[in-house]
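The structure presented is a predicted model; accordingly, all values stated were derived computationally and were not measured.
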Amino acid sequence: MHRSKSAFILTAASVSLAFGGSATATGFGDKASNPYVAGDMHNHNTCTDGSVSAGYAIDRSVGKGAAAAGGTNFDLDWFTLGNHGGSGNRDCRFSDTSANLPGDTTTTWSQTLGQTIQGITITSLKGDANGTGSSAKMWRWQSIGEVEYPIIVNRSAQYDKVLVEGIEWIVPGHEHTDVAVIAGQHPRHGGNADKMAEFEFRFDRADTDSIGPVDSGNNPLWPGKDNVNNAGTAGHGKALEGVKWLQANYPLQSYAIPTHTERQGPFSASSSKGYNIEHFRDFNNAAPTVAFGIESPGHMAEGGLTGGSGSYGSGAVGGGTYGMVGVYNAKVGGLWDGLLAEGRNFFMFISSDWHNRGAFGARDRYTTSDFIPGEYTKLYVPRGEGFRNQSIIDGMRSGNSYSVNGDLIGPDFVFRASAHGEWKTMGETLVAQPGETITLHVELTVPAKNNSPFSFNNPLLAQIGQSQPLDKPSLDHIDLITGKVTGVVSPDSPNYAVANAAGVAGASIVYNPNAAIAKQVNWQAMKARKQHDGSTRLSFVTSFTMGSEPGYIRARGTNIPVATPNVTDSAGNPLLDANNAAVSCTDSSCPAHLESVGGVKKVTHDVQAWSNLWFYANPIFFRPVGSPELLVEKNAKLAHRLAEHGHEHEHGHEHEHEHEHHHSR
Amino acid sequence: MPRLVAIFVLSIAVIAMVFAFRAKTDGGQVATTTASNAPDAPAAATATAPEPSDTPLPTTQDEPTREDCVAAVDEARNSANALPAEHPSRYIAERHLHQSMVEAGNGEFDDCLYWAERAMLEVRELRHELTPGEKIEVLQPDDTPAKTESAGKTTDEKSAHGRTRR
């Protein structure tokens with residue numbers, strides 16, 4: 001990782017900070033007028049390997065105030081239920097006993113068949129028999145349609161929030177990918193999640209059911225499933241068929257975003273492991289309006305003495321997380337920058353991957369594993385007019401989104417660039433004359449408080465003499481990262497596939513040697529305005545000169561100063577998070593659940609997560625007047641054309657879909 | 001008394017018992033011990049936990065099976081059971097193993113192995129250690145949440161001080 005003062009477009013000579021003028025914003029702090037809305041697209045419940053019921057997960061994520069049985073609700077604006085594919089033996093109308101919720105104990109499908117619970121009656125486990133007794137499992141295609149979606153319908157009526165039925169696809173040949181297919185989902189009017197279920201049945205490698213739903217004559221409704229090619233290179237081929245299916249059928253009503261992509265190490269030609277850059281390229285080529293990004297890992301509180309945050313072991317590419325982010329995204333010049341160097345519409349997202357709180361129950365304030373959606377991580381997409389489930393996908397696909405841990409910044413981020421009076425924001429492309437002055441405008445709000453249960457001073461900052469309570473986020477600086485766009489790499493090119501490596505060796509791979517931290521703006525160099533709610537509005541304007549080649553600029557920010565021992569390097573890049581555990585937590589309030597060495601508590605688990613905060617913004621692209629359109633522009637136009645041809649909205653068909661449930665045996 | 005229930009409190013005697021347990025461990029084979037073996041010497045309260053090994057967190061193997069998962073869980077559970085019932089590392093390991101079995105129930109045997117191996121690390125290295133009187137407080141199903149917790153103070157209890165940054 002490196003920092004450069006001579007990046008191609010943001011040259012030292014051309015940069016100037018200009019305070020004032022453009023910093024004014026109105027309406028910020030009023031949730032209803034925030035330009036972005038916060039959500040989470042990756043989380044689990046007892047339908048698969050989560051700890052709480054589907055309903056409870058939604059309640060805590062989008063409800064307001066305190067939960068009835070205790071614990072804080074996190075008031076997200078939107079929520080996509082993103083449970084695994086495959087099958088599960090637990091009835092997800094109930095939480096697991098380990099969640100320690102009053103009156104809720106682990107309940108299996110074998111105990112509840114035929115009963116009406118929460119208005120839902122499951123009479124049989126459909127498809128191929130899958131286990132017996134308490135191990136009898138329901139295939140996920142059934143629980144998606146018959147359990148989770150009806151709960152989403154119920155909760156949509158209860159909350160004024162946008163709820164979506166998605167999955168975490170267990171991908172043939174790879175590990176996991178977040179997928180949602182919203183076609184048919186109209187939870188305010190009923191609707192169904194049949195298309196989501198069909199995708200899961202056809203393409204999830206853990207769903208080996210050969211039957212699926214059937215009609216009244218016992219004929220399969222979803223014939224032709226490939227139940228063979230689930231691993232290695234053949235599995236990748238099946239995965240490609242999956243994203244092509246989405247592109248062909250639901251090009252604007254679905255997404256496929258690979259998640260925690262470093263965790264299982266590099267791709268394996270013979271089993272199901274991680275992803276190399278060529279696999280992301282394959283996905284984006286095959287499904288340009290569907291496979292438009294990558295998700296960094298959740299599980300931020302799993303970090304112990306030798307790592308583990310993100311649920312990443314030593315075999316992960318990079319050997320662990322860096323500032324709670326996988327190395328593909330955290331490394332300047334890494335895999336993400338490699339894809340951006342092609343001008344691809346490939347954007348970054350983060351969600352919670354909520355399963356459980358480790359040593360704690362669901363109502364506890366502490367966690368040694370995961371955070372509840374909205375508690376720690378927020379994925380922001382534009383609010384837009386009439387915000388609905390389509391708006392989530394449109395916002396993500398546009399690239400106009402950013403991801404924040406620990407409420408380091410709020411829902412009113414401004415990151416835009418201008419030439420000759422035309423402003424472009426994240427995901428968009430600014431076309432300018434070489435030599436033209438580009439103005440970059442950044443504004444953000446640092447909230448007065450986050451959801452941390454800890455008010456003692458941040459131990460990672462305490463070691464350098466700074467006193468900052470963990471529940472009061474602070475921003476130290478923003479990195480403006482630039483890179484050249486050198487063009488799409490052809491599948492025929494020897495550079496299309498790049499050798500990957502497990503462990504820390506994987507962090508040395510440079511995919512875009514032109515990417516660099518072009519400028520670092522410390523908070524003290526920004527204009528600051530204290531707001532009535534205790535938050536701080538920070539802003540700055542800088543300028544640079546348009547070069548003769550296309551490029552991009554992206555932003556990330558952190559509470560951690562440059563060269564903080566065991567946290568950041570001399571350029572401000574995050575170090576391997578396992579290093580955080582070398583720092584002691586010595587405040588008398590450091591909690592009992594931290595891992596310790598010789599009786600001294602170390603910065604681990606949730607204290608680590610609340611101490612080491614980052615946000616990531618998606619890029620703005622640039623190109624000279626007269627140069628060829630970038631792929632990101634072409635694919636945005638493709639999405640626009642598809643919308644014009646009616647792929648986006650099911651105009652007036654909401655009620656027609658209400659009763660489309662299939663007959664099945 | 002607050003209704004928060006301490007699920008375990010590591011007493012001085014228990015700390016001593018842990019070290020008795022470790023003394024009985026030979027060549028990686030876990031020997032069993034019981035509370036009755038434990039000396040109640042208070043001096044052990046000041047003993048330090050072992051340094052963590054350089055053992056990295058586990059990495060999953062190729063295509064693990066249910067049998068791999070069950071074997072790993074059994075091994076880790078046996079090791080955990082050899083710890084005193086009140087030992088925090090035993091509790092943490094048991095939570096990890098619970099998640100292992102949840103993952104197995106979902107057919108995610110790689111994740112099952114991951115959590116089983118984390119449980120083994122916890123037991124082997126005793127990564128959690130409590131000072132006398134310290135508790136890991138976990139709300140039990142019949143508990144009503146209280147406003148305050150003793151393991152780490154809430155913002156209401158402890159005002160922010162010395163805030164020198166924004």
Determine yes or no for a side-chain-to-main-chain donor-acceptor pair under 3.5 angstrom, with [X] supplying the side chain and [Y] the backbone.
X        : Y        : value
A:Asn100 : B:Leu139 : yes
B:Gln99  : A:Ser51  : no
A:Arg90  : B:Val102 : no
A:Asp49  : B:Glu103 : no

Please state whether the side chain, the backbone, both or neither of [X] comes within less than 4.5 Å of a heavy atom of chain B.
X        : result
A:Thr604 : neither
A:Leu594 : backbone
A:Ala502 : neither
A:His176 : side chain
A:Ser135 : neither
A:Lys601 : side chain

Proximity breakdown for B:Glu122 and chain A, heavy-atom pairs closer than 4.5 Å
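Side chain only.
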
B:Arg127 and A:Thr306: side chain donor to acceptor below 3.5 Å:
yes

Find out whether A:Tyr366 and B:Val138 are in side-chain contact, i.e. whether some heavy atom of one side chain is under 4.5 Å from a heavy atom of the other.
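A side-chain contact under 4.5 Å is absent here.
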
Tell me, do A:Thr48 and B:Glu108 make a side-chain contact under 4.5 Å, heavy atoms counted?
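They are not in contact (no side-chain heavy atoms under 4.5 Å apart), so the answer is no.
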
Quick one: of A:Ala528, A:Gly358, A:Cys47, A:Ala581, who has the most non-hydrogen atom pairs under 4.5 Å with chain B?
A:Gly358

Name the option with the most non-hydrogen atom pairs under 4.5 Å to chain B; the candidates are A:Thr368, A:Val607, A:Asp96.
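Ranked by heavy-atom pairs under 4.5 Å with chain B, first place is A:Asp96.
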
A:Lys273/B:Asp110 ion pair, N-O < 4.0 Å
no

Distance in Å, B:Arg118 CZ paired with A:Ser369 OG, rounded so as to fall on 0.5 Å steps
8.0 Å

